[in-house]
Amino acid sequence: MIVRICETGKASSFITKLKEVEKHPQVKAIMILACDANGFTPESVDQALKDCPHPVMGGIFPQIIANAENMEKGTVIAGFFHDMKCSVVQGLSNNDLDLDDAVSESLDGIDCVGKTMFVFVDGLSTRISAFIEGMFNNIGLMPNYIGGGAGSLSFEQKPCLFSSEGLLMDAAILGVSDVASGIGVAHGWHPVSKAIKVTQSEKNKVISLNWEPALQVYSKTIEEHSGSSFADQDFFDIAKAYPLGIVKLDTEMVVRDPIMTEDNSLVCVGEVPEGSFVYILHGNMESLIQGAVQARDAAVADYSNHGDSSFFFMDCISRVLFMGQSFENELQAVSTGSFLFGALTLGEIANTGDSYLEFYNKTAVAGILNDPLSG
């Protein structure tokens, strides 16, 4: 692949570098990873996306990763040397949309066996897990999956997905690529509570835990563990260190990130199924970095000697907010010496080997791609 990095965040500079990548004779598809602080709008970038002669996919995120550093402003434009077929699913918050059918229609005629599926979703859509389930129901684990949720830390939903149609919101974009890959997933969070039953939930809103208001149960456990009080601090300042872990059979817990409250409910990134059991989790710098290293090692093992590679890393922005400057240590710890790029997301998407496909929060997802940096 070839990569061009625009550090200014200006739409004009991005468009110039996009056209440079377009013209490379080996480029067959383009991935764009941009920072929310760039302020890209449909008016400023849509025409350039529509004019691009190659399939386009990607997202706008709170931060991105380039050259093994996290950036708060700027854009990465990656031109892949492998074929990719892109499709779009619209209306990820629409209760009336049958997402199984929508995914089936989107992927109709596309061969997914042995491919790598790049998946970007609007991270503030309310039916992401239902969409992920729709993908699994349609194509199972025929491809490797890697991707994440785009959007802003303002939690204002707006156009955040790059496509050949322009910038999109409340949607998903799928890129089925011929590039070989290895995928690894891990998080490094550990339970600090007993198992708690989700007794009422609606999509991504947890209303009650153990038949009591969810916020009451959550805050009591955390205040006892941390000594901090939600009355004295902003909710997210404390909650970013205490995600929920959904219990899954035979797999690592799926982490859910409470990002705000609504009355006495917890609003999370991604659905929390009613009737499921959750733990309140906590971690420290060492455990989170070790989790990221574990994800990288699993990806390397899954890659199975496909040759030179690039390292595509999708990590949760709330891990960065929790770790602060120590996040640099995580990037250094996971580095393989290959070109390292990616995004800091509102939720992560991946399969773990032959296990179930999931939408994660606060989790490190590593992808080793057989498309090394060239020039």
Side-chain angles (χ1 to χ4, degrees), residues 9 33-42 58-65 70-73 90-95 119-132 147-162 167-173 201-207 213-215 218-219 222 230 233-244 246 254-272 278 280-281 314-324 327 342-349 359-363:
L33 309 174
C35 293
D36 179 50
N38 295 355
F40 288 172
T41 62
I60 298 174
F61 303 91
Q63 296 181 27
I64 60 174
I65 301 169
N70 55 313
M71 301 167 57
E72 297 182 4
K73 181 176 282 189
Q90 299 269 19
L92 254 58
S93 298
N94 182 354
N95 289 330
V119 187
F120 297 106
V121 300
D122 182 336
L124 297 178
S125 297
T126 58
R127 298 185 65 207
I128 297 172
S129 292
F131 163 72
I132 298 297
S152 170
L153 279 179
S154 70
F155 302 124
E156 172 192 352
Q157 195 172 27
K158 55 189 178 182
C160 60
L161 297 172
F162 292 100
L167 281 178
L168 306 175
M169 66 179 283
D170 199 35
I173 182 161
S201 66
E202 294 177 359
K203 298 181 183 177
N204 62 328
K205 184 191 299 183
V206 182
I207 300 170
L215 178 59
Y218 179 76
S219 59
I222 292 172
F230 282 96
Q233 296 185 54
D234 179 76
F235 172 80
F236 189 66
D237 285 345
I238 300 177
K240 65 186 180 184
Y242 289 92
L244 302 177
I246 304 173
V254 175
V255 181
R256 282 289 174 266
D257 210 0
I259 55 174
M260 64 180 77
T261 63
E262 190 174 296
D263 298 324
N264 281 311
S265 301
L266 303 173
V267 179
C268 300
V269 179
E271 295 99 309
V272 180
V278 298
I280 296 173
L281 309 178
M314 304 296 282
D315 206 353
C316 191
I317 186 61
S318 62
R319 287 169 64 97
V320 181
L321 298 176
F322 175 67
M323 298 174 75
F327 184 69
L344 300 166
T345 60
L346 301 180
E348 302 74 51
I349 296 167
F359 178 65
Y360 301 89
N361 299 161
K362 287 191 183 299
T363 297

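The residues of the chain are indexed from 1 along the displayed sequence.
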Quiz item: If you take all heavy atoms of D315 and T363, which pair is closest and at what distance?
Solution: OD1-O, 3.3 Å

Exercise. State whether the side chain of Y218 and the backbone N or O of Y242 hold a donor-acceptor pair below 3.5 Å, judged by distance alone.
Key: yes

Quiz item: I317 and L346: side chain to side chain contact (heavy atoms under 4.5 Å, CB included), yes or no, with the steps?
Solution: CA-CA 7 Å; I317 186 61; L346 301 180; 3.8 Å; yes

Quiz prompt | Test item: R127 side-chain N/O and N94 main-chain N/O as donor-acceptor pair under 3.5 Å | solution = yes

Self-check item: Closest approach of C268 to V206 (non-hydrogen atoms, all atoms of both residues)
Solution: SG-CG2, 4.2 Å

Quiz item: Is the shortest heavy-atom distance from the side chain of F61 to the side chain of D36 under 4.5 Å?
Solution: no

Practice problem: Check whether more than 12 heavy atoms from other residues, nucleotides or ligands sit under 6.0 Å from atom CD of Q233, and answer yes or no. | Solution: yes

Self-check item: Under 3.5 Å donor-acceptor, D234 side chain and F236 backbone
Solution: yes

Self-check item: Polar side-chain atom of T345 near backbone of G148 as donor-acceptor pair, under 3.5 Å
Solution: no

Exercise. Return the minimal non-hydrogen interatomic distance between P258 and F235, and the atom names on each side.
Key: O-CE2, 3.9 Å

Exercise. Specify the closest pair of heavy atoms between L321 and L153, including all atoms of both residues, with the distance to one decimal.
Key: CD1-CD1, 4.0 Å

Exercise. Look only at the side chain of S125 and the backbone of G123, and say whether a donor-acceptor pair between them is shorter than 3.5 Å.
Key: no

Quiz item: So, does D257 use its side chain to make a donor-acceptor pair with the main chain of K362 at under 3.5 Å?
Solution: no

Quiz item: Between L124 and S152, what is the shortest heavy-atom contact and its length?
Solution: CD1-O, 4.5 Å

Quiz item: Are more than 12 heavy atoms from other residues, nucleotides or ligands located less than 6.0 Å from atom CD of E72?
Solution: no

Quiz prompt | Minimal non-hydrogen separation, N264 against P213, with atom names | solution = CB-CB, 3.8 Å

Quiz item: Any side-chain heavy atom of I60 within less than 4.5 Å of one from K158?
Solution: no

Quiz item: Knowing that exactly one of E271, R256, E348 qualifies, which makes a side chain to side chain contact (heavy atoms under 4.5 Å, CB included) with F359?
Solution: R256

